[in-house]
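Structure first, then comments.
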Amino acid sequence: MGKVVLVTGAARQLGSRFVRRVQRDPGVDRVIAVDVAEPDRRLGSAVFVRADIRQPSIGRILAEHAVDTVVHLAVTGSPLGSSGRTSVKEANVIGTMQLLGACQKSPTVRRLVVKSSTSVYGAASRDPAVFTETTQPKSLPGGGFPKDASEVEGYVRGFARRRPDVAVCVLRFANILGPRADSPLAEYFSMPVLPTVLGYDPRLQFVHEDDVLDVLSLAAGEPRRGTLNSGTFNIAGDGVLTLAQCSRRLGRPTVPLLLPAVRWVGSALRVVGATDFSPEQIRLLTHGRVVQTAQMRDVLGFTPAYTTAETFADFAASRGGGLLPPAALARTVDRVAGMLDVDASHGDSQRAGEGAHR
C-alpha cells in the first residue's frame with residue numbers, strides 16, 4: 001500500500017493546492033484533507049474531513065486512516081473567514097499541541113512536515129546581516145504570528161525528542177508571494193500607495209508559491225540519494241530586494257512617515273479591514289530580514305525555480321499597473337536622489353569653504 005498523507009489547513013489556498021499536488025505522487029495511496037471550514041476549492045480525490053485540530057478527534061482520524069505522513073500547514077498568520085486573532089493563535093499553538101499529541105500516540109506516523117516562517121528570527125536593529133538556521137534572534141518575537149511560529153517550533157522539537165523514530169522536517173519560509181498570494185504582505189504591496197518608515201530601506205526575501213509546493217512535496221517524500229529531509233531549513237529564493245526596489249517595480253509610490261505615524265496608519269488600516277498591518281510587519285518593513293539557504297540546497301537538496309526578484313516580478317504582473325509606470329517612477333526616484341546628493345555635496349563644499357576662510 002502507498003503512503004497515506006494527512007494535510008491540515010486544507011481549506012486555505014496553499015493547503016488546497018498542496019492537497020491536489022500530492023495526489024499526483026505515484027507513491028501516495030490516499031490523501032486526507034483536514035480543516036475546520038469547508039474548502040471552497042476542489043480537492044480532487046482527497047478525503048475531506050471537517051475537524052478542528054484543537055480537539056481530540058484528530059487522534060481518531062489518524063488511527064482510522066492509518067496515516068503515516070502528516071503535513072501541518074494550518075500554522076498561519078491570517079484569519080480564516082470571520083475568526084479573529086485569538087482563534088488564530090489557538091489554532092496555531094493549541095492546535096499544534098493537540099496534533100503532536102495525537103502523532104505521538106499513533107504507531108503508524110513516520111514523517112511530520114511543519115510549515116513555519118523566517119519570522120521566528122524577528123526583525124530588530126541589532127540583527128545580523130544574514131540568519132542561519134542556528135542563529136538565535138537578538139530579540140524574541142513579542143506577539144502575533146512570529147511568536148506563534150516560535151512556540152510551534154518549540155513543541156515540534158519536543159515531539160522530535162519523544163519520537164526519534166519519526167522523521168521531522170520544519171520549513172521556515174520567507175515571505176510567500178505569487179499570483180495567488182493572499183498574505184498580509186501581499187495586501188500591503190497591493191495598496192495604491194505604500195507607507196514606509198522614514199530613513200529605512202529594508203532588505204527583503206521572497207519565495208514563490210510554486211516553489212513552496214515543490215519543497216513541501218520533497219519534504220513529505222523519501223529523501224533523495226545524498227540528501228536528508230529531516231531538520232530545520234530556511235526556504236527562500238536567491239537574492240534580495242529592498243523595499244524601494246519593490247515599490248519601483250510595482251509602480252506604486254511610497255509615503256515615508258515617522259515610525260509613530262506608520263504605527264498609527266497600521267492601526268487605522270486594521271480597523272477598517274484594508275490590510276493586517278501588524279506591528280510585526282512594521283518591524284519587517286523597518287529592519288528587513290535575510291536568511292542563508294545553504295542547508296536548503298546542500299542537505300535538503302532543493303533549489304527554487306524562482307529567485308527573489310523573479311518571484312516579485314510574477315507577483316507584480318498579477319497585480320496590474322500602479323499609479324505610476326515603473327520606469328517613470330524609477331527615473332523620478334533616481335532624479336530626487338541625485339538632487340539630494342547634489343545638495344549634500346554643495347552643503348559640504350560650502351562648509352569647507354567657510355572653514356578655510358576662518
**OP:** Evaluate the side-chain contact (heavy atoms from CB on, under 4.5 Å) criterion for residues Phe18 and Val212: first the C-alpha distance (whole Å), next the side-chain angles of each, then the deciding distance (0.1 Å), finally the verdict.
**Re:** CA-CA 9 Å; Phe18 178 71; Val212 172; over 6 Å; no
Just by modelled atom types, is the [Y] backbone N or O under 3.5 Å from a matching donor or acceptor in the [X] side chain?
X	Y	value
Asn229	Gly221	yes
Lys3	Ala220	yes
Arg172	Phe233	no
Arg163	Gln104	yes
Arg41	Ala11	yes
Gln23	Ser45	yes
Ser150	Val120	no
Asp201	Ala244	yes

Subject >> Reported CZ-to-OG distance for the pair Phe315 and Ser183, which is rounded to 0.5 angstrom >> reply: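 Atom-to-atom, Phe315:CZ and Ser183:OG are 7.5 Å apart.
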Subject >> Heavy-atom pair with the smallest gap, counting every atom of Thr286 and Tyr200 >> reply: O-CD2, 3.3 Å
Subject >> Parallel, tilted or perpendicular, as decided by the 30° and 60° cut-offs, for the rings of Phe312 and Phe189 >> reply: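 Geometry flag for Phe312 against Phe189: perpendicular rings.
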Original post:
Would Val215 and Val207 count as a side-chain contact (heavy atoms from CB on, under 4.5 Å) if you check the C-alpha gap in whole Å, the side-chain angles of each, and the deciding distance to 0.1 Å?
Top reply: CA-CA 11 Å; Val215 74; Val207 57; over 6 Å; no
Could you check whether [X] pairs with [Y] (Lys NZ or Arg NE/NH1/NH2 to Asp/Glu carboxylate O, under 4.0 Å)?
X	Y	answer
Lys89	Asp148	yes
Asp165	Arg110	yes
Arg17	Asp210	yes

**OP:** Take Ile176 and Lys115 through the side-chain contact (heavy atoms from CB on, under 4.5 Å) test and state the conclusion after the steps.
**Re:** CA-CA 12 Å; Ile176 301 172; Lys115 170 184 170 286; 4.3 Å; yes
Counting C-beta onward and ignoring hydrogens, is there a side-chain heavy-atom pair between [X] and [Y] closer than 4.5 Å?
X	Y	answer
Val156	Leu100	yes
Asp127	Tyr121	no
Leu218	Arg224	yes
Glu209	Pro179	yes
His72	Val34	no

**OP:** Scan side-chain atoms only and decide if Asp314 and His208 contain a donor-acceptor pair under the 3.5 Å cut-off.
**Re:**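 Yes, a side-chain donor-acceptor pair sits under 3.5 Å.
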Subject >> CA sep, side-chain torsions, deciding dist, call: Thr135, Thr132, side-chain hydrogen bond (donor to acceptor under 3.5 Å, both in side chains) >> reply: CA-CA 5 Å; Thr135 304; Thr132 68; 2.9 Å; yes
